[in-house]
Protein chains: 2
Amino acid sequence: MNIGEASRVSGVSAKMIRYYEEIGLIPPAPRRDSGYRDYAEADVHRLRFIRRARDLGFTVDQITELLGLWSDRSRASSKVRSLALSHVDELARKKKEIEAMISLLERLVRSCHGDDRPDCPILDELAADEAEPFGRPATGPQRFGQIGERKGAGRATRP
Amino acid sequence: MNIGEASRVSGVSAKMIRYYEEIGLIPPAPRRDSGYRDYAEADVHRLRFIRRARDLGFTVDQITELLGLWSDRSRASSKVRSLALSHVDELARKKKEIEAMISLLERLVRSCHGDDRPDCPILDELAADEAEPFGRPATGPQRFGQIGERKGAGRATRP
DNA sequence: CCTTGACCTTCCCATGATGGGAACCCTTAT
DNA sequence: ATAAGGGTTCCCATCATGGGAAGGTCAAGG
């Protein structure tokens, strides 16, 4: 079948199918004389696998591993399990970051009357001079962490 | 002060300061004869504002708006508030997506014995043929939604 | 005065997963 | 034969961020 149909039945866009081929996530599809890619059921199967894994938030690298484990009939299920578990950890981390942002923001929003008067605690907090503007209850050394997972994970330029 | 010190005291990397200038989030810094950018306290203040807003997950576009509101002494606080509220909504949406992924994954992990035997329900589910592989309790029309916020928000190529 | 090292400048490239679109080729039905 | 609707490759954009090269500047110490 052509790439369009493979896309329709697998739920992966044609653009993505070509991209997955390019990066080696799937093997190069055989070509017809016309140059068109030709897909079989097994390929669609694999694409569906990929799509479901993507829907679960796995990265392409992780999916590469999962596909390897999938095709290895003698793998230990513990490998798959630990891959899934570490992904859950990662998701839980992101969830916590988001929750921290939400609770901070909700507090700021609650403190803002939100009418047509110009004074606004939200902006005041963002503009505060102090190092710890979000006045948490002084209960210890925990920070909010570098929220939003920007890579450097740290403040400014530290080589 | 030089960009390095501005970076240190604001918590925004020098690279990002230059980038923010380039995209117009901050005005071009005055230059010394040497060509070095020169920052004053007010600039550092603004950079700190930006960093805090980024830490709260606001996009650069939203921060542009926030800075505009910040410098407008006659703005209505309701504007800031609604900006913050819609950002909270967005964060809540992401949080729900992540939660859906986590609960699905946790269920799969629970169903996987995770020893050295090769059979693995996690892979089996990812590879399942059915359209609804994650066998939810048949309680209605709700779907998990297009998790992971890939733009198309939909299945495959539908122009 | 000159060197050294720390700083600054600009410019280009990479990330991850995805879409948009142009220019061009293939197939099939009217 | 022509039009419509595929397909192909190639380039570009996203978003916020960092890496690194090539080269200019500055301050301290010999």
Side-chain angles (χ1 to χ4, degrees), chain A residues 1-26 28-39 47 50-51 53-64 90 94 97 146-159, chain B residues 1-8 10-26 28-39 47 50-64 90 94 97 146-159:
Chain A
M1 80 190 76
N2 284 346
I3 201 173
E5 196 185 344
S7 167
R8 250 167 270 126
V9 299
S10 70
V12 178
S13 75
K15 272 245 143 90
M16 279 301 101
I17 296 177
R18 295 193 195 99
Y19 171 71
Y20 291 154
E21 179 180 314
E22 188 190 322
I23 64 173
L25 182 59
I26 56 179
R31 303 299 184 106
R32 291 189 218 266
D33 289 351
S34 60
Y36 283 20
R37 288 175 181 79
D38 190 13
Y39 294 94
L47 287 170
I50 292 171
R51 176 177 62 70
R54 289 292 301 125
D55 282 351
L56 283 173
F58 285 101
T59 65
V60 165
D61 276 359
Q62 290 172 315
I63 298 175
T64 303
E90 175 66 14
K94 284 193 189 163
E97 286 179 355
Q146 280 350 298
I147 266 167
E149 72 169 321
R150 278 176 323 301
K151 268 187 210 142
R155 291 289 164 239
T157 43
R158 324 150 303 171
Chain B
M1 80 190 77
N2 285 345
I3 200 173
E5 196 184 344
S7 166
R8 250 168 270 125
S10 69
V12 178
S13 76
K15 271 239 141 94
M16 279 300 102
I17 296 177
R18 296 194 195 98
Y19 171 72
Y20 292 153
E21 179 179 314
E22 188 190 321
I23 63 172
L25 182 60
I26 56 179
R31 303 298 185 109
R32 292 189 219 265
D33 288 352
S34 59
Y36 284 20
R37 288 175 180 79
D38 192 12
Y39 295 93
L47 286 170
I50 291 171
R51 177 177 63 70
R52 294 205 183 105
R54 290 290 302 126
D55 282 351
L56 283 173
F58 285 102
T59 65
V60 165
D61 276 359
Q62 289 171 317
I63 298 175
T64 303
E90 176 66 13
K94 284 192 190 167
E97 287 178 355
Q146 281 347 301
I147 266 165
E149 72 169 321
R150 274 168 335 294
K151 267 185 212 145
R155 290 292 164 237
T157 43
R158 322 150 303 174

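Quick caveat: nothing in here was measured; it's all calculated off a predicted structure. So you know, we letter chains A, B, ... as the sequences are listed, proteins then strands, and number each from 1.
Comparing C:dT9, D:dG7, C:dA17 by their closest approach to the side chain of A:Val60 singles out C:dA17. With D:dT8, C:dA17, C:dT27 as the choices, the nucleotide that has an atom nearest any side-chain atom of A:Ser34 turns out to be C:dT27.
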Distances under 3.5 Å between protein N/O atoms and the N/O atoms of nucleotides 9-11 of chain D, please, pair by pair.
unit_1, atom_1, unit_2, atom_2, d
D:dT9, OP1, A:Arg31, NH2, 3.0
D:dT9, OP2, A:Arg37, NH1, 3.1
D:dT9, OP2, A:Arg37, NH2, 2.9

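Looking at heavy-atom distances under 4.0 Å, B:Tyr20 makes contact with sugar-phosphate atoms alone, never a base.
Looking only at side-chain heavy atoms (C-beta outward), B:Ile50 and B:Met16 stay at 4.5 Å or farther from each other. With a 4.5 Å cut-off on side-chain heavy atoms, A:Tyr20 and A:Val12 count as touching.
Protein atom CD1 of B:Ile17 is 17 Å distant from nucleotide atom P of D:dA16, rounded to whole Å.
At distances below 3.5 Å, not a single donor-acceptor pair connects side-chain atoms of B:Asp38 with backbone N or O atoms of B:Arg31. Put simply, the side chain of B:Gln62 gets close to the backbone of B:Thr59: a donor and an acceptor are under 3.5 Å apart.
One donor-acceptor pair, N or O on each side, does fall under 3.5 Å between the base of C:dC7 and the side chain of B:Tyr36.
Considering only side-chain N and O atoms, A:Ser13 lies under 4.0 angstrom from the phosphate OP1 or OP2 of C:dG19. At the phosphate of C:dG16, neither OP1 nor OP2 sits under 4.0 Å from any side-chain N or O atom of A:Thr59.
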